[in-house]
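The next block holds one structure in the form of structure tokens; read it before the comments.
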Number of protein chains: 2
Amino acid sequence: MANTPQPGTRERIVRAASLLMQRQGYEGTGIKQVAQEANATLGSVYHFFPGGKQALGVAAVQHADQEFADLLTASLAADADPAKAIAACARALADLLRDSDWMDGCPISATALETTGRVPDIEQVVAQAFQHWRDLVAERLREAGFPEGDAHDLSVTVISALEGAELTAQVARSETPLVVAGEHLARLINSYKK
Amino acid sequence: MANTPQPGTRERIVRAASLLMQRQGYEGTGIKQVAQEANATLGSVYHFFPGGKQALGVAAVQHADQEFADLLTASLAADADPAKAIAACARALADLLRDSDWMDGCPISATALETTGRVPDIEQVVAQAFQHWRDLVAERLREAGFPEGDAHDLSVTVISALEGAELTAQVARSETPLVVAGEHLARLINSYKK
DNA sequence: GTCTATAATAGGATAGAC
DNA sequence: GTCTATCCTATTATAGAC
């Protein structure tokens with residue numbers, strides 16, 4: 001079902017770049033390190049990404065975009081009540097964070113903050129990723145009967161709050177911020193119900 | 001009243017480092033660039049910070065910690081209703097962000113994400129800063145009559161949500177995420193009232 | 001305390017053989 | 001497509017004159 005036969009070189013490079021940039025940021029990640037982690041050579045990296053580090057950053061962010069979108073889609077579909085689904089999503093993120101020994105937070109936050117206003121190509125795909133995630137939440141809320149305006153505003157806050165809670169949880173090395181944010185978001189969503 | 005007679009060299013260096021790391025992150029900021037922006041020489045930077053870049057990063061984060069704590073304290077004191085005060089704080093952050101042409105978001109987020117789990121000295125002062133900010137919010141909520149448990153949980157979510165909304169607003173180049181987060185936080189806080 | 005010069009290393013990127 | 005070698009620049013950090 002899943003499409004993971006054996007990742008080709010290009011895909012290994014993108015995955016390694018995405019993981020390293022998640023953990024160390026864009027500036028903190030070297031192309032040579034990416035090649036090493038991907039079991040590829042520097043020549044292969046530049047073969048697939050003639051645009052250099054920026055092009056690699058763009059691909060890494062797009063990869064992470066889809067990865068988190070998949071997690072979000074699965075979380076949102078797991079419960080008929082979107083409020084409960086989002087609280088469960090926050091707990092799932094807390095589990096992933098703890099299980100990675102607090103290394104794997106939001107896959108694009110670090111890159112986003114380092115490049116915003118300075119690397120237009122990356123800035124753009126980062127903005128698209130956030131919009132993508134908000135759209136998934138908004139659509140789920142509309143499906144559940146929330147009016148358009150409420151669904152939009154809540155989707156903005158849901159993604160913002162999850163971002164901030166993940167950062168906070170990572171820095172504090174504690175699941176609490178994510179768990180509490182999930183509960184508060186559910187409460188907020190329920191306060192708009194009907 | 002304010003204590004700004006003429007900043008000495010050390011203070012100019014710390015301020016420049018804090019501003020540059022806010023905008024470009026820790027990894028993206030060079031010591032030479034800090035020296036240049038501070039109108040100091042490389043020798044002066046290493047004179048005041050023999051610990052090198054890490055020591056400079058620690059000082060920059062501590063400076064930003066106090067800076068944001070001052071803004072937060074002023075915002076929280078500006079309204080008798082803490083819910084309204086926090087919504088106003090979010091709007092104030094949106095104004096600052098827009099007025100800086102979306103350059104000046106949270107002063108420590110980028111550094112936090114790049115160094116967490118990798119640079120213990122910086123990780124520690126980042127964690128202290130977040131705790132400091134949460135404490136200010138929690139104390140204000142307790143003052144306003146919220147029970148200890150609610151005040152604690154709400155303070156965690158308030159700082160998390162402001163962090164996430166600032167990141168989101170910066171990336172989207174829009175005040176909306178911060179304004180909406182402020183309104184949602186006020187609504188959440190009011191739902192615990194009494 | 002300040003300045004310049006420089007060491008030592010790592011970074012992004014390219015060339016060309018295979 | 002893959003690999004190695006290399007160029008060029010920037011980076012952190014140090015030395016020592018003033």
Side-chain angles (χ1 to χ4, degrees), chain A residues 5-61 63 110-111 113-115 118-123 125, chain B residues 5-61 63 110-111 113-115 118-123 125:
Chain A
Q6 260 135 325
T9 304
R10 199 198 122 100
E11 177 129 8
R12 289 203 316 279
I13 292 169
V14 173
R15 287 187 195 179
S18 186
L19 185 64
L20 287 170
M21 289 178 187
Q22 173 179 38
R23 295 181 177 176
Q24 311 174 337
Y26 176 75
E27 298 288 352
T29 299
I31 295 189
K32 287 175 181 169
Q33 190 187 8
V34 170
Q36 195 168 6
E37 290 290 317
N39 274 102
T41 61
L42 196 57
S44 292
V45 175
Y46 279 97
H47 171 74
F48 289 108
F49 299 95
K53 193 177 182 182
Q54 289 193 20
L56 187 54
V58 166
V61 169
H63 175 82
T111 297
L113 285 164
E114 290 172 309
T115 61
R118 303 173 60 234
V119 189
D121 290 359
I122 295 179
E123 199 180 12
V125 291
Chain B
Q6 260 133 325
T9 304
R10 199 197 122 99
E11 177 128 7
R12 289 203 316 279
I13 291 169
V14 173
R15 287 187 195 181
S18 186
L19 185 65
L20 287 169
M21 289 177 187
Q22 174 179 37
R23 295 180 177 177
Q24 311 174 337
Y26 176 76
E27 299 287 352
T29 299
I31 296 189
K32 285 180 180 167
Q33 191 186 10
V34 170
Q36 195 169 4
E37 291 289 317
N39 274 100
T41 62
L42 196 57
S44 293
V45 174
Y46 279 97
H47 171 74
F48 289 108
F49 298 96
K53 193 177 181 182
Q54 288 192 21
L56 187 54
V58 166
V61 169
H63 174 82
T111 297
L113 285 165
E114 290 172 311
T115 61
R118 304 173 59 232
V119 189
D121 291 358
I122 296 180
E123 199 179 11
V125 290

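Side-chain atoms are counted along with the backbone in the values below, which use heavy atoms only and exclude waters and symmetry mates. These numbers come from a predicted model, not from an experiment. Below, chain A is the first sequence line, B the second, and so on; all start at residue 1.
Rounded to an integer number of Å, the gap from CD of A:Glu27 to P of C:dA10 is 18 Å. Atom CZ of B:Phe49 is separated from atom P of C:dT2 by 12 Å (rounded to the nearest Å). Counting to the nearest Å, the P atom of C:dT14 and the CZ atom of A:Phe48 are 17 Å from each other. In this structure, the CD atom of A:Gln24 is 10 Å from the P atom of C:dG11, given to the nearest Å. Atoms CD1 (B:Ile31) and P (C:dT6) sit 20 Å apart, rounded to a whole Å. For A:Gln36 and C:dG11, the CD to C1' distance is 15 Å, given to the nearest whole Å. Rounding to whole angstrom units, CG of residue B:Leu42 and P of C:dG1 are separated by 17 Å.
With contacts defined as side-chain heavy-atom distances shorter than 4.5 Å, the pair A:Phe49/A:Val58 does not qualify.
Counting heavy-atom neighbours within 6.0 Å of B:Gln36 CD, excluding the residue itself, gives a total of 12 or less.
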- Should B:Thr9 and B:Arg12 be marked as a side-chain contact (heavy atoms from CB on, under 4.5 Å) after you check the CA-CA gap, both sets of side-chain angles, and the distance that decides it? CA-CA 5 Å; B:Thr9 304; B:Arg12 289 203 316 279; 3.8 Å; yes
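The OH atom of B:Tyr26 sits 13.5 Å away from atom CD of A:Glu27, with the distance rounded to the nearest 0.5 Å.
A donor-acceptor distance shorter than 3.5 angstrom exists from the side chain of A:Thr29 to the backbone of A:Leu20, with no hydrogens or angles considered.
Counting only heavy atoms from C-beta on, A:His47 has its side chain closest to D:dG1 among D:dG1, C:dA5, C:dC3. Of all nucleotides listed (D:dT14, C:dG1, C:dT14), D:dT14 comes nearest to the side chain of B:Tyr46. The listed nucleotides are D:dA13, C:dC3, C:dA13; the one nearest the side chain of B:Lys53 is D:dA13.
Between A:Pro50 and B:Gly43, it is B:Gly43 whose nearest contact on DNA chain C lies nearer the 5' terminus. Comparing A:Thr41 and A:Lys32 by the nucleotide of DNA chain D whose heavy atom lies nearest to each, the residue mapping closer to the 5' end is A:Thr41.
Contact annotation: B:Ser44 reaches the phosphate of C:dT2 (side-chain N/O to OP1 or OP2, under 4.0 Å). Using a 4.0 Å cut-off, some side-chain N or O of B:Thr9 falls inside it from OP1 or OP2 of C:dT2.
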